[in-house]
Every structure is written in structure tokens, then in C-alpha cells.
Amino acid sequence: DLIPLIGVFNNLGRAHLELGNLEQAKWYLEESLDLGNKLGNPVRHLLTTKVYLGNIYICKTQFLNAFITFQEAFETADLGYSGKVLKCSYAWLLTLLGDTKSAEEVINDVLETFPDYLHALFLLVLVKHQQGKLELVDYTRVNQHYLQKPNSLVKPLYMWMKSLALPFPE
């Protein structure tokens, strides 16, 4: 049975992405998508695979490819719980493209359903910082959630946020 390989390739792609090995990550993620398409199996991994692939395109400043990949994911996936990851990556892309208003709308949509989702909380700080609207309440909310559940995936965002918020009390 080849279906478990879809998840294996997805996980290897994610691991390489986290290590910064973008080309290896892209290869594994594309293999995961190809195998999933060949098997006609729309498993949850296909959504996360497209999110990771879109994030690689963002890292490589291939914003059009990222946009297309995220749009495909929105059109073909059952968003459910994993949809929050897709929406946050899409909001990140919108922020990088300078559309902070749309990014904030997407992030707030995620936070309505998942009010403690750390990735969305960090993105909200980023967007509000870019808009010049960062407030103590935004900073405090993220700081509290991060300190309760430290996460290596968002630690760089946390360190960045701490460097921005020097005038804010702990």
C-alpha cells in the first residue's frame, strides 16, 4: 500500500523546510503531491503539502507561484482544522505583498474559530506592526500564549516580536 508514503514524503518535506533545505523540501513535497494525485487519494496531507510548498515559494520570493499554490489548496481542499495553517500562510503572503488589510481580515477569520492559534497571533502582531497599529494588548496576548506553550516553529517570530516590543512591559 503506497498511501502511507504520501505522509512520509510530506513529513520529510516539512523537515527539510524547517532545516532550510528548500530544494530537498520541494522535491519531497512534489513527490507527495504526485503520489497523492496518482492514487486519487485526497488525504489531509495534500493540503499541508500545498501549504509547505507555498511557503517554499515565499522563501524563494516566488510570490506568484505561492499565490497559485495557495489558491489551488483553497479550491481543492476540505479546509477543516488544517485550513487555519493555509489561511495563515496566505495572510503571510498578503502581508509580504503589502496588502495588510486583507491579511488582517484573513487572520481575524482564523482567530474567530481558533482564538489561541499562536501562528495567527504572531501574524496579527506582524500586520499591526506594519500598519503602525501595534498595541500592548496584541503583544501581551501573544507573549502569554507563547510562554504557556513554547514552540520551536514560531520561536524566530517570538524573538522578532520581543525585539519590536522593547518599550512594552513584561
*Can you tell me how far the OG atom of Ser102 sits from the CG atom of Leu93, to the nearest 0.5 Å?*
11.0 Å
*Taking Asn21 for the side chain and Gln24 for the main chain, is one N or O donor matched with an acceptor at less than 3.5 Å?*
no
*Listed by chain and number, what are the ring pair (Phe, Tyr, Trp, His ring centres under 6.0 Å) partners of Tyr90, not counting sequence neighbours?*
Phe74
*asked:* With heavy-atom distances below 4.5 Å as the criterion, would you say the side chains of Lys84 and Leu86 are in contact?
replied: no
*Step by step, work out the side-chain contact (heavy atoms from CB on, under 4.5 Å) result for Thr95 and Asp99.*
CA-CA 5 Å; Thr95 302; Asp99 188 357; over 6 Å; no
*Of the non-hydrogen atoms in Ala25 and Gly13, which two are nearest, and what is the gap between them?*
CB-O, 3.2 Å
*Where do Leu29 and Arg14 come nearest, in terms of heavy atoms and distance?*
CD2-N, 4.3 Å
_Inter-residue atom distance Gln131.CD - Leu126.CG, 0.5 Å rounding_ = 9.5 Å
*For Asn65, what residues pass the side-chain contact (heavy atoms from CB on, under 4.5 Å) criterion, not counting sequence neighbours?*
Tyr57, Gln62
_Could you go through Phe122 and Cys88, starting from their C-alpha distance and side-chain angles, then the distance that decides it, and tell me whether this counts as side-chain contact (heavy atoms from CB on, under 4.5 Å)?_
CA-CA 10 Å; Phe122 274 116; Cys88 284; over 6 Å; no
*asked:* Side chains of Leu12 and Val8, heavy atoms from C-beta outward: is any pair under 4.5 Å?
replied: yes
*To the nearest 0.5 Å, how far apart are OG in Ser32 and CG in Leu5?*
9.5 Å
*Set of salt bridge (charged side-chain N to carboxylate O under 4.0 Å, His left out) partners for Asp34, sequence neighbours left out*: none
*Please report the shortest heavy-atom distance between Ala91 and Ile107, naming the atom on each side.*
CB-CG1, 3.6 Å
*Does the pair Thr69 and Val51 meet the rule for a side-chain contact (heavy atoms from CB on, under 4.5 Å), with working shown?*
CA-CA 8 Å; Thr69 302; Val51 171; over 6 Å; no
*Which heavy atom of Ile6 sits nearest a heavy atom of Gly36, and at what distance?*
CD1-CA, 3.6 Å
*Within one Ile-Leu-Val-Met-Phe-Trp-Tyr cluster: Ile68 and Leu33, side-chain cutoff 4.5 Å*: no
*Heavy-atom side-chain contact between Asn55 and Phe70 under 4.5 Å*: yes
*Do any N or O atoms from the side chain of Asp109 and from the backbone of Glu105 form a donor-acceptor pair under 3.5 angstrom?*
no
*For residues 112-125, pull every pair meeting salt bridge (Lys or Arg N to Asp or Glu O under 4.0 Å), keeping only residues two or more places apart or in separate chains.*
none
_Would you compute the distance between atom CG of Leu123 and atom NZ of Lys128 and round it to the nearest 0.5 angstrom?_
13.0 Å
*What is the distance from atom CZ of Phe114 to atom NE2 of His119, rounded to the nearest 0.5 Å?*
14.0 Å
*Can you list the residues that meet the ring pair (Phe, Tyr, Trp, His ring centres under 6.0 Å) rule with Tyr28, with sequence neighbours excluded?*
His16
*Can you name the closest pair of heavy atoms from Thr100 and Val127 and give their distance?*
O-CG1, 3.5 Å
_Minimum side-chain heavy-atom gap Thr48-Val85 below 4.5 Å_ = no
*Which residue pairs pass the salt bridge (Lys or Arg N to Asp or Glu O under 4.0 Å) test with at least one member in residues 53-70, sequence neighbours excluded?*
Glu23-Lys60
*Any idea which heavy atoms bring Glu104 and Leu124 closest together, and the distance?*
CG-CD1, 4.0 Å
